[in-house]
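Side chains included, hydrogens not; waters and symmetry mates left out as well; all remaining heavy atoms used. As the structure is a prediction and not an experimental result, all values here were calculated from the model.
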Amino acid sequence: MAEIAKRGGEPLFWVDSQALILRLSQKNEEKSLRKLGPLIKQTIDFNRTVDYYRAMRHKDENKSESIFNAAIQLITEHGLSETSMSKIAKKAGVSASTIYVYFENKEDMLNKLYLSIKKKMSLAVFYNYDDSISYQSAFEHALRQYINFVLTHKDEFLFIEQFSNSPLLHKLSQKEGIELFEPIFSLFEKGKSQNIFKKVDTNLLHMFMVYPAMAYAKEYFSGQTDSKQENFNEIIQMSWDAVKA
């Protein structure tokens with residue numbers, strides 16, 4: 001709570017995050033109110049401005065999400081090179097100039113989209129993740145969550161697949177994307193020290209963990225295989241057998 005004004009050492013009023021609280025001395029209350037009127041009005045106007053920008057921020061976040069969704073759909077259908085910012089803006093329902101309010105250029109937009117999807121993926125992979133359980137159980141939990149995310153987010157997965165091999169992907173974005181999955185890399189490092197996992201480069205362990213699932217997802221999306229729990233279990237077991245010591 002911040003003191004705003006004093007008179008003769010006696011505080012007149014304070015402003016907190018919830019309301020404007022007035023504390024007036026007994027003497028000359030009406031006069032004090034008249035003097036404080038403009039300041040009170042400024043405070044009320046300020047609060048209204050804050051509310052307005054909060055609403056605008058929410059609106060802006062929704063618009064960014066619309067742009068991301070439009071980009072994912074177009075890139076999945078037509079590819080990176082055939083998807084222009086103007087096409088994305090049109091599909092998202094915004095003007096061609098408005099899209100540049102949110103992103104500097106196509107490269108900036110794609111990198112931010114990449115990280116946005118990676119964050120969603122990491123939240124799904126580590127939902128209810130517990131590294132205090134056995135190494136195999138933690139490994140299987142994370143990989144099963146990954147498979148479920150990929151199979152239920154086809155367009156996002158296919159975008160990541162395309163953009164990961166694009167020269168437009170910044171090294172910083174790639175690094176930040178990897179860091180989002182730090183618990184898995186930490187699991188491998190700890191496991192290697194206890195002879196649970198093969199003592200090879202941790203990146204190789206990660207590859208043998210997720211690449212079979214990625215290949216399975218591609219086969220599934222192309223209609224060459226079915227989505228069966230039995231298949232999931234076999235992929236998880238085969239991946240575990242590939243990385244364990």
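With no hydrogens or angles considered, a side-chain donor-acceptor pair links Q136 and E140 at under 3.5 Å. In summary, the side chains of Q237 and D241 do present a donor paired with an acceptor at a separation below 3.5 Å, with no hydrogens or angles considered.
Under the 6.0 Å cut-off for aromatic ring centres, F185 and H206 qualify, their centroids lying closer than that. Ring centers of F188 and F208: at least 6.0 Å apart, outside the cut-off.
Relative orientation of the F157 and F221 rings is tilted, given thresholds of 30° and 60° on the angle between their planes. Under the 30°/60° scheme for interplanar angles, the aromatic rings of F197 and Y135 are found to stand perpendicular.
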Going through the checks in order, is the side-chain contact (heavy atoms from CB on, under 4.5 Å) test met by F139 and S134?
CA-CA 9 Å; F139 174 93; S134 71; over 6 Å; no
Begin from the C-alpha positions of N105 and M85 and carry the test side-chain contact (heavy atoms from CB on, under 4.5 Å) through to its verdict.
CA-CA 8 Å; N105 47 44; M85 289 291 270; 5.7 Å; no
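Across A217 and V150, no two heavy atoms sit closer than the pair CB-CG1, 3.4 Å. Residues I88 and M109 approach most closely at CD1-CE, 3.3 Å, considering heavy atoms. Between S95 and A89, the shortest heavy-atom distance links the atoms O-CB, 3.7 Å. What you find for Y129 and A138 is that their closest heavy atoms are CE1-O, 3.6 Å. Of all non-hydrogen atoms in K198 and K192, the two that sit nearest each other are O-CD, 3.2 Å.
When atom types are taken as modelled, the side chain of S186 and the backbone of E182 share no donor-acceptor pair closer than 3.5 angstrom. Panel note: side chain N231, backbone S227; no donor-acceptor pair is recorded below 3.5 Å. Listed for the S164 side chain is no donor-acceptor partner under 3.5 Å among the backbone atoms of E161. Judged by distance alone, with hydrogens and angles left aside, the side-chain atoms of N195 form no donor-acceptor pair with the main-chain N or O of A245 at under 3.5 Å. Side-chain atoms of K118 do not come within 3.5 Å of backbone N or O of S173 as any donor-acceptor pair. Listed for the S116 side chain is no donor-acceptor partner under 3.5 Å among the backbone atoms of K112.
Hydrophobic clustering (side-chain heavy atoms under 4.5 Å, transitive across Ile, Leu, Val, Met, Phe, Trp, Tyr) groups L113 together with L168. Put simply, F181 and L123 are part of two different groups of oily side chains (I, L, V, M, F, W, Y) that touch within less than 4.5 Å, one to the next.
With sequence neighbours left out, Y100 forms a ring pair (Phe, Tyr, Trp, His ring centres under 6.0 Å) with no residue at all. Remark: D131 pairs with no residue by the salt bridge (Lys or Arg N to Asp or Glu O under 4.0 Å) rule, at least two apart or across chains.
Partner of F163 under the side-chain contact (heavy atoms from CB on, under 4.5 Å) criterion, chosen from N111, I75, I117, L158: N111.
Residues Y216 and L151 are in side-chain contact: their nearest non-hydrogen atoms beyond the backbone lie under 4.5 Å apart.
Separating the CG atom in L74 from the CD atom in E82 is a distance of 11.5 Å, to the nearest 0.5 Å.
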